[in-house]
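Just follow the structure's listing: the first ligand is 1, and inside any ligand the first atom is 1.
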Amino acid sequence: MKVGDKHYRTIWLNEDGRSVDIIDQRWLPHDFRIVTLSTVEAVATAISDMWVRGAPLIGVTAAYGVAIAMLDDPSDDNLDATWDRLHETRPTAINLKWALDEMRKTLRPVAPEKRAEAAYARAAEIADEDVALNRAIGGHGLEIIKKIAAGKKPGEPVNILTHCNAGWLATVDYGTATAPVYLAMEAGIPVHVFVDETRPRNQGAQLTAWEMNGHGVPHDLIVDNAGGHLMQHGEIDMVIVGTDRTTASGDVCNKIGTYLKALAAKDNGVPFYVALPSPTIDWTVNDGVSEIPIEERSGDEVSFVQGENAEGAIISVRISPKGTPARNPAFDVTPARLVTGLITERGVAEASAEGLARLFEKEN
Ligand code: MRU
C-alpha cells in the first residue's frame, strides 16, 4: 500500500541481496522508520519485540530469517536450530510455524550448497503468496459489503468495526480484515470504519488508524469499550477482524478483546466476520479455548502507554500505581458459534469443521 506517494510492502529484500528491510512498527504512527535485519538473532528480536507483528507478517519474516541462516551455515543442524530459535519467538500465531515448516520442507531435499538460493526463492514466494491470498480475501469480503450497501440509502456508508490491526501492516500487503475495505473503496462503495484502540499495545489507535488515514478511509477511533454501545444503537453494520490462529472447527483466536466484540455482536444481531488466509488455519487443533497457547506478555505493556508528547518526542508514561501488578494475556478465543463466516481466499466458509472442510477438502 502507499505511504505518501510511494508503494511499500511491509518487508522486502535489501539491495545487498541477503538482509531484509522492514517497517519498524514500534514507532508508528509518529515516525516511519525502516530497519535492516541481517542476522537470525535480529530477525528473532524483531518478531518477539514486535518491530514486525501480525500473524502473516511474522511468518514471512521468519521465512527470511531461515534464508539468512542458510547463507552462513546451510547444514541440517543449523536448519533445525534456526527453526527452533524462530519458533520460540511468539507462541500464538500459527503462521509462524507454517512458514518455518514450509521452509524446512523445501530445503531438506536440497543439497546444502544450494540451500541459500532455494531459501530466498521460497521466502519471496511466501511473501508474494500472502499478497495474493489477501487480495482474494478482499474480493470475497467485498461481496458481503456490497450486499449490505444494497440495503442502505444511496451514499450511506457501510459501517464496519475492526479490532487490533489486521491491516496491510500485519501482512505483506492489503491486510486480511482491511482488504475488503480497501477493495470497497476502489469500487466506490462508501465505507466507514470504527477502529478499536486495542489496549494494551494500541494496534488499532497506532496502526489501523494510520493505515486508514493514509488511504483516505473514513474512520473513527473508539475506545475498546464503545463497540457494544454502538451496536445497540444500530451504528455498526458488520464486524471484520483478523485472526492469529483458527482451529479446524472454526474457533478463532485473535487479539485480546475480540471475544467481547463477538458477544456484543451476537446479542445485537450484527454479523461478525473473520478474514483469514489458509496458513492461519491450524488443522491439528479443534478446541481453541483449551488447545491454543495464549501468549502472556509483560505487564509493563498494561502499566505504561506509549505516545508522542507536545515536543514531538515518543515517550512512555506509567498509568497505574507503582507496585500494582498487571496481567497481560495477548489473545483470546472466540468460539465458532459466535462467528457469522470465515472470509478466506477460497470464499466465505461457515465457521465449523464442515464449513472449512468444504472449502479446503483437498488439503486435509
Ligand atoms: O500481537 P500482534 O500485534 O502481532 O497481533 C496480531 C494481530 O495483528 C491481530 O491479532 C490480528 O487481528 C491478526 S493478524 C492479521
Side-chain angles (χ1 to χ4, degrees), residues 1 10-11 22-26 28 45-62 89-96 98-99 130-131 133-134 137-138 141 160-182 193 195-211 224 239-246 251-262 272-282 288 292-298 301-302 306 328-334 339 342-345:
M1 306 296 287
T10 50
I11 186 165
I22 56 155
I23 297 170
D24 185 345
Q25 301 187 20
R26 289 172 301 165
L28 290 172
T45 302
I47 297 173
S48 56
D49 292 357
M50 293 172 67
W51 308 9
V52 289
R53 22 74 45 214
L57 178 57
I58 289 170
V60 173
T61 310
T89 51
R90 293 201 67 190
T92 303
I94 196 64
N95 306 57
L96 174 61
W98 177 86
D130 181 65
V131 180
L133 295 180
N134 296 334
I137 287 168
I160 300 166
L161 180 139
T162 192
H163 190 69
C164 193
N165 171 258
W168 72 270
L169 290 167
T171 65
V172 177
D173 210 345
Y174 285 106
T176 55
T178 55
V181 172
Y182 291 133
V193 178
V195 178
D196 276 355
E197 62 177 346
T198 318
R199 280 280 290 145
R201 290 282 294 227
N202 288 322
Q203 289 96 329
Q206 302 193 322
L207 304 176
T208 307
W210 181 78
E211 285 193 23
D224 291 326
V239 178
I240 315 181
V241 298
T243 168
D244 299 86
R245 190 186 303 215
T246 287
D251 288 348
V252 170
C253 181
N254 192 46
K255 184 54 57 190
I256 194 79
T258 303
Y259 173 45
L260 292 177
K261 292 300 135 70
F272 183 94
Y273 287 97
V274 180
L276 68 152
S278 51
T280 308
I281 304 169
D282 186 346
I292 297 180
I294 300 294
E295 181 178 15
E296 281 265 351
R297 295 186 62 88
S298 165
E301 293 183 352
V302 179
Q306 178 179 291
N328 187 12
F331 300 94
D332 61 25
V333 173
T334 298
V339 177
L342 300 168
I343 311 173
T344 75
E345 70 271 15

Whether E211 side chain and W168 backbone form a donor-acceptor pair below 3.5 Å: yes
Proximal atoms of ligand 1 relative to Q203 (non-hydrogen, under 4.0 Å): 1 (O), 2 (P), 3 (O)
Distance, nearest 0.5 Å, that separates OG1 of T334 from CZ of F272: 5.0 Å
Which residue and heavy atom of the protein sit nearest atom 14 (S) of ligand 1, plus the separation: A55 N, 3.4 Å
Numbering as shown, the atoms of ligand 1 that approach A166 to under 4.0 Å (heavy-atom distance): 12 (O), 15 (C)
Side chain to side chain, T344 and S278, heavy atoms closer than 4.5 Å: no
K255 neighbourhood, listing ligand 1 atoms whose heavy-atom distance to it stays under 4.0 Å: 1 (O), 2 (P), 5 (O), 10 (O)
R201 touching ligand 1 at heavy-atom level, < 4.0 angstrom: no
Pairing of D282 and R245 as salt bridge, 4.0 angstrom limit: yes
Atom 6 (C) of ligand 1 - nearest protein heavy atom and its distance: D244 OD2, 3.0 Å
Contact with ligand 1 for A330, non-hydrogen, under 4.0 angstrom: no
Mode of T243 contact toward ligand 1 - side chain, backbone, both, neither (heavy atoms, under 4.0 Å): backbone
Mode of T258 contact toward ligand 1 - side chain, backbone, both, neither (heavy atoms, under 4.0 Å): neither
Shortest protein heavy-atom distance from atom 9 (C) of ligand 1, along with the residue and atom involved: C164 SG, 3.4 Å
Close-contact set for ligand 1 against R90 heavy atoms, below 4.0 Å: 1 (O), 2 (P), 4 (O)
Nearest heavy atoms of Q203 and C164, plus distance in Å: CB-SG, 3.8 Å
Contact atoms of ligand 1, heavy-atom distance to N254 under 4.0 Å: 9 (C), 10 (O), 11 (C), 12 (O), 13 (C)
Flag, side chain of K261 to backbone of D224, donor-acceptor distance under 3.5 Å: yes
Numbered atoms of ligand 1 (with element) below 4.0 Å of T176, judged on heavy atoms: 15 (C)
Separation of E295 CD from T92 OG1 (nearest 0.5 Å): 5.5 Å
Side chain to side chain contact (heavy atoms under 4.5 Å, CB included) partner of L57, chosen from I11, D173, T171: I11
Check: T171 N/O within less than 3.5 Å of ligand 1 N/O: no
Check: F331 N/O within less than 3.5 Å of ligand 1 N/O: no
Spacing of OG1 belonging to T246 relative to CG belonging to D251, to within rounding of 0.5 Å: 8.5 Å
Side-chain donor/acceptor of Q25 to backbone N/O of L207, under 3.5 Å: no
R297 and its side chain to side chain contact (heavy atoms under 4.5 Å, CB included) partner, picked from V302, I256, N328: N328
For atom 8 (O) of ligand 1, closest protein heavy-atom neighbour: R53 NH2, 2.5 Å
M50 near ligand 1 by a heavy-atom separation under 4.0 Å: yes
